[in-house]
Protein chains: 2
Amino acid sequence: MKKTPVSRTTAAAPRRLKLGPLRDNLGYLTRVLRNVTQQSSARHVDDLGHATGQITMLGLIAANEGVSQNELAGAMLMRKSQVTSLIQDLVERGLVQRAEQGGDRRYNALTLTPPGQQAWKRARDRIHQHSDELLGALSPDEREQLTALVRKLLAAHLQDAEIDFD
Amino acid sequence: MKKTPVSRTTAAAPRRLKLGPLRDNLGYLTRVLRNVTQQSSARHVDDLGHATGQITMLGLIAANEGVSQNELAGAMLMRKSQVTSLIQDLVERGLVQRAEQGGDRRYNALTLTPPGQQAWKRARDRIHQHSDELLGALSPDEREQLTALVRKLLAAHLQDAEIDFD
DNA sequence: TATTGTTATACTCTATAACTATA
DNA sequence: TATAGTTATAGAGTATAACAATA
């Protein structure tokens, strides 16, 4: 329990690392934030057996019945080939259906199956808990500020993606 | 030039995608933010020939002369094996030196060579421009708010990493 | 016995391009 | 000719564990 911090001659750095110019750099901050998020997400959603991005896909399909794979790709900044394989897996697991559209037979109108809706509900609760844990150090006001600022930034950079960030 | 947006019967979604519960989810927002950041970073720093993370390493070594590889791993949320290969490449390119420490011969005290300092200066300017571009839609106050909130969040989750986020 | 760093290996995620089928 | 989606392939990034050298 007591770790005797007295006169540590260890190599293991008694000093605190300075960030220098990286302190205000959004590229750096974003990458570390992403690493923190990804590592902690393992504890929250790994047992659900979804690959990275699949939970987001379930959520986007739930909120936008009949969405196309191309729209998903645009909204998630993924390549369509990546969307294909992730959706394919969701279809094989019986969570997503590719319904044919009346007009244009080129694209798939994606919908959740009943099991898919169940899976989304479960996953939604988990990622909500995860988000709360991540934001734990911030006050309610600060949480709202942070997410609002990120949405504003994303809206400016994803104008072509046609996402409603408001 | 004129794209005749009138009566588009295209499949290509005239609608805007709703986010639903993802709107406030930090995991989702972080992943998209990371994708935006990474894709735009290509235009800013790709020609410098550094692998992902190497610019951050140059910056951390510049701000913390004699830092160990383990400290870098902790500060960047990387495995030590990953640090080994990235540092190895930087050494081969003559940008980083592994100096022996007086006391403990197990660890490498990392420093920048003169060419390494030059490379860091160049890279620092570029990532600064990149960060400015990313934050372009935000006011000066909002920029400061955003980075400060991210730092506060990271400081709470990276207590063991011994980084000075203040 | 614990720690720093190396090496080897496999797995996930991402990028590119050629292909089909529809329009 | 252009678009939605598929397939195949390669590359980057990350995770794991066994190992050597030093403490």
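Keep in mind the model is a prediction, meaning the values are calculated, not measured. Labels below follow one simple rule: chain letters A, B, ... track the order of the sequence lines, proteins then strands, and each chain is numbered from 1.
Regarding A:L110, its CG atom lies at a distance of 11 Å from the C1' atom of D:dA4, rounded to whole Å. Atom pair A:N108:CG and D:dT3:P shows a separation of 18 Å (rounding to whole Å applied). To the nearest angstrom, C1' of D:dG5 lies 14 Å from CZ of A:R105. Whole-Å rounding puts the B:Q69 CD to C:dT3 P distance at 17 Å. A straight line from CG of B:D46 to P of C:dA15 spans 11 Å, rounded to a whole angstrom. One atom, CD of B:Q38, and another, P of D:dG13, lie 7 Å apart when rounded to the nearest Å. Rounded to a whole Å, the CG atom of A:D104 is 6 Å from the C1' atom of C:dA23. We find that CD of A:Q39 is positioned 16 Å from P of D:dG13, with the value rounded to whole Å.
Of the candidate nucleotides C:dG5, C:dT14, D:dG5, D:dG5 has the atom lying nearest to any side-chain atom of A:S68. Considering only the side chain of A:Y107, D:dG5 comes nearest among D:dG13, D:dG5, C:dC13.
Screening B:K18, B:R15, B:R16 for a salt bridge (Lys or Arg N to Asp or Glu O under 4.0 Å) with A:E162, the sole residue that qualifies is B:R16. Under the ring-ring contact (aromatic ring centres under 6.0 Å, His included) test applied with A:H44, the options A:H50, A:H130, A:H128 reduce to a single match, A:H130.
Side-chain to base pairing of B:R106 with C:dT3: one donor and one acceptor N or O lie within less than 3.5 Å of each other.
Side-chain atoms of A:Q54 come within 3.5 Å of backbone N or O of A:A51 as a donor-acceptor pair.
Side chains of B:S41 and B:Q38: a donor-acceptor N/O pair is absent below 3.5 angstrom, by distance only. If you check the side chains of A:T56 and B:R31, you find a donor sitting under 3.5 Å from an acceptor.
Less than 4.0 Å separates DNA chain D from at least one heavy atom of each of the following residues of residues 72-92 of chain A: A:K80, A:S81, A:T84, A:Q88.
Counting heavy atoms of neighbouring residues, nucleotides and ligands inside a 6.0 Å radius, atom CG of A:D47 exceeds 12 of them.
Electrostatic pairing of B:R151 and B:D166 does not count as a salt bridge here, judged by no charged N lying under 4.0 Å from a carboxylate O.
Residue whose closest nucleotide on DNA chain D sits further toward the 5' end, between A:A109 and B:G53: A:A109.
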